[in-house]
Amino acid sequence: MAGSYAGEEVRSFSLEDVALKFDASGLIPAVVQQFDTGEVLMVAWMNAESFRLTLETGTTWFWSRSRQELWNKGATSGNMQQVKCVLVDCDADTLVVEVDSPGPACHTGHRSCFYREVAQKVI
């Protein structure tokens, strides 16, 4: 990806140079964001295989902790997320996956999984 993110120039690194840090369960969180609007669509988990499949296929793959299986986001609904770029944070333990998501990203049918607000008490 040539360009910027959060106002800073993005630098490209080879996968070997990044050295992703998966947790004790072999997972890394992935924040999925609509590439052109910045909408946070969802947060999911990737293991090494789903990360590899995401890079190879150009669509998002995740590891389901509840079902204990790989899943290709949108394969059933037809709302496949096309990967635009994958960013890794400074600690190499979290990903941002910028995608073009043609439809709802949430299994509830909402565009984003983040459609509920926690009410705050005003003092």
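Residue numbers start at 1 and run along the sequence shown.
Side-chain contact check for Val31 versus Val97: every heavy-atom pair is 4.5 Å or farther apart. For the pair Val96 and Val86, the minimum side-chain heavy-atom distance is 4.5 Å or more. Contact annotation: the side chain of His110 never approaches that of Pro104 to less than 4.5 Å [non-hydrogen atoms, C-beta and beyond]. The shortest side-chain heavy-atom distance between Gln82 and Val99 does not fall under the 4.5 Å cut-off.
Taking the ring pair (Phe, Tyr, Trp, His ring centres under 6.0 Å) definition, one finds that His107 meets it with nothing, sequence neighbours left out. Partners of Glu56 according to the salt bridge (charged side-chain N to carboxylate O under 4.0 Å, His left out) rule, which considers only residues two or more places apart in sequence or in another chain, are Arg52. With sequence neighbours left out, the salt bridge (charged side-chain N to carboxylate O under 4.0 Å, His left out) criterion links Glu9 to no other residue. Among residues two or more places apart in sequence or in another chain, the side chain to side chain contact (heavy atoms under 4.5 Å, CB included) test is passed with Ser25 by Asp23, Leu27.
Under a hydrophobic clustering in which Ile, Leu, Val, Met, Phe, Trp and Tyr are joined whenever their side-chain heavy atoms come within less than 4.5 Å, directly or via other members, Trp63 and Leu55 fall into different clusters. No continuous path of ILVMFWY side-chain contacts below 4.5 Å connects Val32 to Phe114, so the two sit in separate hydrophobic clusters. Hydrophobic clustering places Leu15 together with Val88 (ILVMFWY residues linked when any side-chain heavy atoms are closer than 4.5 Å, directly or through intermediates). Linking ILVMFWY side-chain heavy atoms closer than 4.5 Å, directly or via other members, places Val18 and Leu53 in two distinct hydrophobic clusters.
Applying the side chain to side chain donor-acceptor pair (under 3.5 Å) definition to pairs two or more places apart or across chains, none involves residues 112-123.
Using modelled atom types, one side-chain atom of Ser14 and one backbone atom of Asp17 make a donor-acceptor pair closer than 3.5 Å.
Nearest heavy-atom pair, Trp61 versus Thr59, reported as atom, atom and distance to 0.1 Å: CD1-O, 3.4 Å. Looking at every heavy atom in both residues, Pro102 comes nearest to Met80 through CD-O, 3.1 Å. Pro29 and Asp93 make their closest contact through CD-O, 3.3 Å (heavy atoms, listed as atom of the first residue, atom of the second, distance). In terms of heavy atoms, Ala92 sits closest to Ile28 at O-CD1, 3.8 Å.
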Derivation of the side chain to side chain contact (heavy atoms under 4.5 Å, CB included) call for Lys73 and Phe62:
CA-CA 7 Å; Lys73 181 65 178 163; Phe62 303 105; 3.8 Å; yes
Could you walk me through whether Leu20 and Leu95 pass side chain to side chain contact (heavy atoms under 4.5 Å, CB included), step by step?
CA-CA 9 Å; Leu20 293 179; Leu95 304 170; 3.9 Å; yes
I would like to know whether Trp71 and Arg67 meet side chain to side chain contact (heavy atoms under 4.5 Å, CB included); could you show each step before the answer?
CA-CA 10 Å; Trp71 56 286; Arg67 296 187 314 267; 3.3 Å; yes
Show every donor-acceptor pair shorter than 3.5 Å between a side-chain atom in residues 33-47 and any protein atom, with sequence neighbours excluded, or say none if there are none.
{"unit_1": "Gln33", "atom_1": "OE1", "unit_2": "Tyr5", "atom_2": "OH", "d": "2.7"}
{"unit_1": "Gln33", "atom_1": "NE2", "unit_2": "Gly38", "atom_2": "O", "d": "3.0"}
{"unit_1": "Gln34", "atom_1": "OE1", "unit_2": "Ser101", "atom_2": "N", "d": "2.9"}
{"unit_1": "Gln34", "atom_1": "OE1", "unit_2": "Arg111", "atom_2": "NH2", "d": "3.0"}
{"unit_1": "Gln34", "atom_1": "NE2", "unit_2": "Asp36", "atom_2": "OD1", "d": "2.8"}
{"unit_1": "Gln34", "atom_1": "NE2", "unit_2": "Asp100", "atom_2": "OD1", "d": "3.2"}
{"unit_1": "Thr37", "atom_1": "OG1", "unit_2": "Glu39", "atom_2": "N", "d": "3.2"}
{"unit_1": "Thr37", "atom_1": "OG1", "unit_2": "Glu39", "atom_2": "OE1", "d": "2.9"}
{"unit_1": "Glu39", "atom_1": "OE1", "unit_2": "Arg111", "atom_2": "NH2", "d": "3.3"}
{"unit_1": "Asn47", "atom_1": "OD1", "unit_2": "Glu49", "atom_2": "N", "d": "3.1"}
{"unit_1": "Asn47", "atom_1": "OD1", "unit_2": "Ser50", "atom_2": "N", "d": "2.8"}
{"unit_1": "Asn47", "atom_1": "OD1", "unit_2": "Ser50", "atom_2": "OG", "d": "3.2"}

